[in-house]
Amino acid sequence: MDQIIVAIRSRHVLLHVGSEHRDSSDKKHRDKDKERLKLKDGSSDKQKDKHKEKKKEERADSSSFDLFGDMVQINNVLVPALCGAILVACVGMLVYILPSLCFFMPFRWEEERYTDGVKWKFLEHKGPVFAPPCDPLPSNVKFYYDGKHMKLSSSAEEVATFFAKMLDHEYTTKEVFRKNFYKDWRKEMMSEEKSKITDLNKCDFSEMSEYFKAQSEARKAMTKEDKQKIKEENERILQEYGFCIMDNHKERIANFRIEPPGLFRGRGDHPKMGMLKRRIRPEDIIVNCSKDSKHPKPPPGTKWKEVRHDNKVTWLVSWTENIQGSIKYIMLNPSSRIKGEKDWQKYETARRLKKCVEQIRAQYRDDWKSKEMRIRQRAVALYFIDKLALRAGNEKEEGETADTVGCCSLRVEHLTLHQEMDGQEYVVEFDFLGKDSIRYYNKVPVEKRVSIISTPLRLILTSILNKHLQELMDGLTAKVFRTYNASITLQQQLNEITNSEDNVPAKILSYNRANRAVAILCNHQRAPPKTFEKSMQNLQTKIDAKKEQLADAKRELKSAKADAKVRRDEKSKKAVESKKKAVQRIEEQLMKLEVQATDREENKQIALGTSKLNYLDPRISIAWCKKFGIPIEKIYNKTQREKFAWAIDMAEKDFQF
DNA sequence: AGTTCAACTTAGGAGGGACCGT
DNA sequence: ACGGTCCCTCCTAAGTTGAACT
């Protein structure tokens, strides 16, 4: 039954597609009892146990610390100090030791889990850091309306400065932005201001704008000592407010600073761009902590909106934002136990999908033949989510956000069907704006026959899709496919393209290529760096220079050899050796440059970071590093190593996703 | 069954400091 | 030491999901 059925109604589109999956060879699972799909996979638990035992042994050796009482100390004070000392002593060895050292004490990934949605038993923190108050402008910095100087009230002035700061940005030229800004600005004006200022086009913010530019220049030109002072002050605030205590661990908080007021900048064509994002006061803040903790104090003379003790959630502080009316949270850093465990769990779910994905694929292909429209729709949606790694695509309220779509919210205008295209039959052309208004453009050859059903259809809701998925596998949702396909792609690519003969830079190029394949699959794009063309040229110049240098070195080697043949003495032999070495060194340098050029060119519009941070099981990369002798530092920077500490702690060189 | 909402993950860009070669 | 490039960190918007509500 190789066919594509495209169902279209006025607004929403669904495709029913047949056969050919990029990875359809493995049929052995298909006949197995469907019930098996629902069974929880036990192997990962076994792995956990094995790991636990191993770590227990190590713990017995190395630990004389009180696991709970001293944990905070050990984790945050002792270990860095220890690492620092060792670092001086043996940098080379440390490459492998450091990650496990940093976490060798608290095996936080293995501590007992809570049940019933309880996330913690003890939580203590200092509350948020508020945005600094707005300083009034010096009196020589003037605002002009219709060419005439006008002194603004402090509230109107503050909002005006937000606009002035963005004057260089093209945002401020957009009609929607200006309209929204103007409307919200008027709300902050005194009544005389309101009656005087009637046209944004007559407002002159240029002195304000110059003033802020000068300030930022001054900041850059500050002396080292002054910069150092600011740095120290920031560090002090970080130490005071940037950590909390959750269940015996001192944990880093991700965003302990409250978002400052300003003008909202949505992504893409956002209907609310330019609106005033108001200042958050203590009275807006809900604090969450445990009853028996030292509660954070609101600033003098103020009160929190509420203090609650909800241990079924992970956030420390929340407030409601005024643009969309959504809730914002202060939560923990990715390095924290609570985030790390969740991350691990996410990849374990994806690995369980691996075990039954072929069955699920067989089923949705089968479902294309279903008599029921809903089933066919569901099956096609799932097909694209799986094959193209599309996002689920929830319905959004029109006019509230930019018009972006995902799989289930695709509309007719986002797809074109080609009976024949570029020599291939039955091609579906996707062209739509996805998350963050990033364009998704792809031409996907599908099966042999296409037929179009124009019967009006109900949109398949993501909730319906996810309910169905939940029945196929415990914990399965649409986004698990993205995680699964991303990770399995990395694993396959690495297995395929890593050449153990290669030197380290070449292996890293292979890694980046594998990473890139994933980024392309997930459509992770970036704007080409502004200086891209130029920096590419510079690199090419360097390569050319290096080539010449190599040619010279080779010539010299040749003449040295000739010389040695004639003279036959030790000195000239040595000269040959050293010339040989020089050639080798230059060849290596040249190769490194060329690799760099290739890598950069291929990476022009592709963002690797997102997949690395959110989709690729870190154990794949760590195992790869161990297997091929690549220092983990070459793949993960410090922050990333902290986030993936759980994986560094547990992945062996033979780990396969 | 549909809708709304809270909670949490995923996302690209800005800005600035680190780092590199000269 | 300097200037340009690169990479990291921060920032916060924009998604997904499950549960509560109607």
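Values below: every heavy atom of this structure, side chains too, minus hydrogens, waters and symmetry copies. Chain A is the first sequence line, chain B the second, and so forth, proteins listed ahead of strands; every chain is numbered from 1.
Residues A:Phe644 and A:Tyr636 bring their aromatic ring centres within 6.0 Å.
Atom CG in A:Asn523 sits roughly 12 Å away from atom C1' in B:dG12 (whole-Å rounding). As rounded to whole Å, 10 Å separates atom C1' of C:dC10 from atom CZ of A:Phe256. A:Asn255 places its CG atom 15 Å from the P atom of B:dA7, with the value rounded to the nearest Å. For the pair A:Glu306 CD and B:dA6 C1', the interatomic distance rounds to 14 Å; values are reported in whole Å.
Place A:Leu476 and A:Asn637 on DNA chain C by their nearest nucleotides, and A:Asn637 ends up nearer the 5' end. Both A:Ala254 and A:Ala402 sit near DNA chain C, but only A:Ala254 has its closest nucleotide nearer the 5' end.
With respect to A:Cys407, the side-chain contact (heavy atoms from CB on, under 4.5 Å) criterion is satisfied by exactly one of A:Leu382, A:Leu390, A:Leu465: A:Leu390. A:Gln324 pairs with exactly one of A:Glu397, A:Lys272, A:Met275 by the side-chain contact (heavy atoms from CB on, under 4.5 Å) rule, that one being A:Lys272.
Side-chain atoms of A:Lys479 stay outside donor-acceptor range of the base of C:dT17, with no qualifying N/O pair under 3.5 Å.
Minimum atom distance to the side chain of A:Met331 is reached by B:dT9, of the listed C:dG15, C:dA13, B:dT9. Counting only heavy atoms from C-beta on, A:Lys339 has its side chain closest to B:dT9 among B:dT9, B:dA7, C:dA14. Closest contact between the side chain of A:Lys435 and the listed nucleotides B:dA14, C:dT17, B:dT10 involves B:dT10. Nearest nucleotide to the side chain of A:Tyr615, out of B:dC8, B:dT10, C:dT17: B:dT10.
Distances shown here put a side-chain N or O of A:Asn394 below 4.0 Å from the OP1 or OP2 atom of C:dT16. Proximity of A:Arg219 to the phosphate of B:dG17: no side-chain N or O atom is located under 4.0 Å from OP1 or OP2. The shortest distance between the side-chain N/O atoms of A:Thr314 and the OP1/OP2 oxygens of B:dC8 is below 4.0 Å.
Enclosure of atom NZ in A:Lys121 is not indicated, since only 12 or fewer non-hydrogen atoms of other residues, nucleotides or ligands lie within 6.0 angstrom.
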